[in-house]
Amino acid sequence: MIVMKFGGSSLEAAPAIERVAGIVSEALVRKPVVVVSAMGTTTQQLLTMGEEAAAGEPGKKERALERLRALREMHEREFAALLPASAQDELRQILGCHFREMADLLGQLSAAGEFGPESVDALSSFGERLSSRLIALVFRHFGMDAAHVDARCVVLTDGRHKAATPLYSETYARARDKILPLISQGKVPVLGGFIGSTENGVTTTLGRGGSDFTAAVIGAGIAAEEIQIWTDVDGVMTCDPKLVPEARRVKTISFAEAAELAYFGAKVLHPSTLLPAMEKNIPVVVLNSRRPEITGTRIVADAVPCSSVIKAISCKRGISIVNIRSTRMLMAHGFLHRIFELFSRAETAVDMLASSEVSVSLTIDDPARLPEICRALREFSEVSVEQDQAIVCIVGDNLRYTPGVAARAFGALQGINIRMISQGASLLNLGFVVAARDAEKTVKLLHQEFFRNVDPAVFD
Ligand code: ADP
Ligand code: ASP
Ligand code: MG
């Protein structure tokens, strides 16, 4: 059994979906379970129309409904092109009931004038609910015995809307109960990624990009032999090819290295994807749905020996630095404790940290609760915040064994104002905080320095 996950960029229009059907057909002997994202940019469209509907400004609700109509037309046009005349009624019936529900929801948002986290999940779930139904239908007409499974009946989560966490053992049990019998009957199960539900049946989502995470959870649940993440690039690359077009493919990388990259901004994998795979030791393979002949990146427990110092560079924008200076010297021993308690209570994760006797600088990627955090911090310290920062990390297992890496990195980054540095916490990551406007240049300079000559056994 394998899990094959196809991202929105692999499902943007009819030819892409046809390619995906071809890729799955070729893999039937491996007993695939298919996890799909919403088509193209559907999730973003849904979020935008939710904001518009709730805005309460003249003309905005109409704009939301217009956007919904366009989304329906796009789905209808692309799927109608893939289906025979005999299936067009079923297509319209599926579209009809889903889009009616979405229009009702937009009406409710508009009346309430609010687009809260529960509504965000309810509305954004429609992208995957729809794509999974329609893709199962298309697969049947391409000769596969596809069976749609509502992922919300399998992925049980906590109630943390917009970033829910699966309840693993219950989800694994449901994956086995609902998916394995289908596979034994020779069917191809098709599920939507990204979505789940609470014990009370309320729809949740795993956060943006969460379909990768769904694939990993399902793979771990059914003890798949491999989890494949099909996307629009050749694999995990030495950095985001949108920033550096000459980025190289990394043929193989360890779970720990890839997890570090994903956490620090490599969008190719949702940050939590590797946890379930690591726990059950299931290889994750990242592949290009436009060039299926390329072998992609194999993410496994132990990286093969590599003579290059680093494997890849990640970049995460939208970072804020919080500088905190104690106003009472004598309470230094309780200072960090108090700070962390505040961040923890506000459910705000701290990524990087630097401290001296009376001051601490730390970074966060979610400023939503920063005003209340600052208010509480100011009771015992002076606080300043610098927004629009980025964390650039060089990641590789060899960092811990190779002397002089920091000197090389600093040498390459002369002229860039480095605001914070972190090495050691994870052993395989050296991170720099720079102003967001310097991030691209920082990545380019580091890429030039570290990937001029690379080990051909590991890089393409
Ligand atoms: P999907 O729709 O398949 O989920 P995403 O857009 O979420 O695709 O992720 C793929 C994108 O991740 C690529 O197009 C690329 O721009 C970006 N990316 C960022 N860092 C990396 C990296 N190190 N290797 C590959 N892709 C990366
Ligand atoms: N459709 C969701 C998103 O755009 C989930 C995913 O694609 O992984 O965030
Ligand atoms: Mg993605």
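The first residue of the sequence shown is numbered 1, and numbering continues consecutively from there. All values derive from a computational prediction rather than experimental measurement. For ligands, and for the atoms within them, numbers begin at 1 and follow the listed sequence.
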For residues Phe194 and Phe213, establish whether the separation of their ring centroids is below 6.0 Å. no
Within 6.0 Å of [atom1] in [X], more than 12 heavy atoms from elsewhere:
X: Glu246; atom1: CD; result: yes
X: Glu225; atom1: CD; result: yes
X: Lys280; atom1: NZ; result: yes

Can Gln44 and Arg208 be counted as having a side-chain donor-acceptor contact under 3.5 angstrom? yes
Determine whether the side chains of Glu257 and Ser254 contain a donor N or O and an acceptor N or O closer than 3.5 Å. yes
Do Asp351 and Lys316 meet the salt-bridge criterion of a basic N to acidic O distance under 4.0 Å? yes
Charged tip of Lys311 within 45° of Phe450 ring normal and under 6.0 Å: no
Output the list of atoms in ligand 2 that are nearer than 4.0 Å to some heavy atom of [X], sorted by atom number.
X: Thr43; value: 1 (N), 2 (C), 3 (C), 4 (O)
X: Arg208; value: 3 (C), 4 (O), 9 (O)
X: Ser37; value: 6 (C), 7 (O), 8 (O)

The closest protein heavy-atom partner of atom 6 (C) of ligand 2 is Ser211 OG, 3.3 Å
Does ligand 2 have any atom sitting under 4.0 Å from a heavy atom of Gly210? yes
For Gly209 and ligand 2, answer yes if some heavy atom of the residue is under 4.0 Å from a ligand atom, otherwise no. yes
If the criterion is any heavy atom closer than 4.0 Å to an atom of ligand 1, which residues make the list? Lys5, Gly7, Gly8, Ser9, Trp230, Thr231, Asp232, Val233, Gly235, Val236, Met237, Cys239, Asp240, Pro241, Lys242, Ala266, Lys267, Val268
Based purely on interatomic distance, does Glu128 place a nitrogen or oxygen under 3.5 Å from a nitrogen or oxygen of ligand 2? yes
Among all residues two or more places apart in sequence or in another chain, which pass the salt bridge (Lys or Arg N to Asp or Glu O under 4.0 Å) test with Arg67? Glu52
